[in-house]
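Below: one structure, written as structure tokens.
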Amino acid sequence: MSKTIIKSRSNPAVQHARAVRDGKDNAYLFIEGVRLCEEAVGAALDIETVFYTDAVKADERGSRLLSVLRSHGCRLIPVVANILDSISDTKSSQGIIALSRRARTMEETLKPLAGVPLVVILHRVNNPSNAGAMLRVAEAAGATAVISTLGSTDPLSPKALRGAMGSAFRLPLWTGASFERALRWCSERGIRTVATSAFAAHTHIEIDWGMARAVVVGPEASGLSAEELEAADVRVRVPMNPRVESLNASVALGVILYEAARQRKFEWK
């Protein structure tokens, strides 16, 4: 490990880390915290640079992580706490930040999908924490892939990565697809699209989830438009107490995906 502790915010490596954090260098992922860095190592991400403080080095778990990162050939850079705070995307720095090469998230990353596909399409979802939570529940409930359309928040942004807690590293992910192309991709593969709407005639438990399906989730505030709902093969709603106006988008997705998992007899660990 390097013994030179960086104390200057003008250091080129520090400036680059901030650029990645702010989305100015999309070739890299900004990964913060011991747990998320462990997940990145487990997913065999191409981690290039790691910033850490003495507190992480002194911690048993943190020290073990640093040893693994060093064995993988990562560039380890010790920094003083206030420098890491200046890089951090959180109010209170977690003592370690890694920069990893961003994997390709194109249509080709979804080939092939094993078994009977259960895809999630995030359309114009603009809250990064919600997007991350949706990726997390998608993996938890056995979804096979996620498509994020044009106009959606970046599901690999720092906030989204924290919300996904490692799921973003493992799920096949296609970003930047047009809504029309995402639906056409499903149609070409015999994947029936299911749009979510509070006003749908059928509930999510009334359809057959044993076939290839794709759940389409719209913007948190407005939901899918009438035209977008009509473009899907099926429309469903999650039944709820009439005094409740709506569910959080990630919660609604979780309810739907777990019904799909129940019908598919998904093998829980």
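Just so you know, these numbers come straight off a predicted model, no measurement behind them.
- Among Arg18, Arg21, Arg162, Gln94, the one residue that satisfies the side-chain hydrogen bond (donor to acceptor under 3.5 Å, both in side chains) test with Asp89 is Arg162.
- Note: Asn127 CG to Leu122 CG = 11.5 Å, rounded to the nearest 0.5 Å.
- Under the 4.5 Å side-chain heavy-atom criterion for Ile, Leu, Val, Met, Phe, Trp and Tyr, Leu257 and Val236 are members of the same hydrophobic cluster.
- Evaluation of the ring pair (Phe, Tyr, Trp, His ring centres under 6.0 Å) rule for His16 yields Tyr28 as partners, not counting sequence neighbours.
- Under the 3.5 Å distance criterion, with hydrogens and angles disregarded, no donor-acceptor pair is assigned to the side chains of Ser93 and Ser88.
- A salt bridge links Arg181 with Glu188: the closest approach of a Lys/Arg side-chain nitrogen to an acidic carboxylate oxygen falls below 4.0 angstrom.
- Side-chain atoms of Thr153 never come within 3.5 Å of backbone atoms of Val125 as a donor-acceptor pair (strictly under, hydrogens ignored).
- For Glu259 and Arg262, the salt-bridge test passes: some basic side-chain N is under 4.0 Å from an acidic carboxylate O.
- Put simply, the side chain of Trp209 never gets that close to the backbone of Tyr258: no donor and acceptor are under 3.5 Å apart.
- The only option from Glu38, Glu32, Glu39 that meets the side-chain hydrogen bond (donor to acceptor under 3.5 Å, both in side chains) definition with Arg35 turns out to be Glu39.
- Val120 places none of its side-chain heavy atoms less than 4.5 Å from the side chain of Leu171.
- Proximity of a side-chain donor or acceptor of Asp233 to a complementary backbone N or O of Thr193 within less than 3.5 Å is detected.
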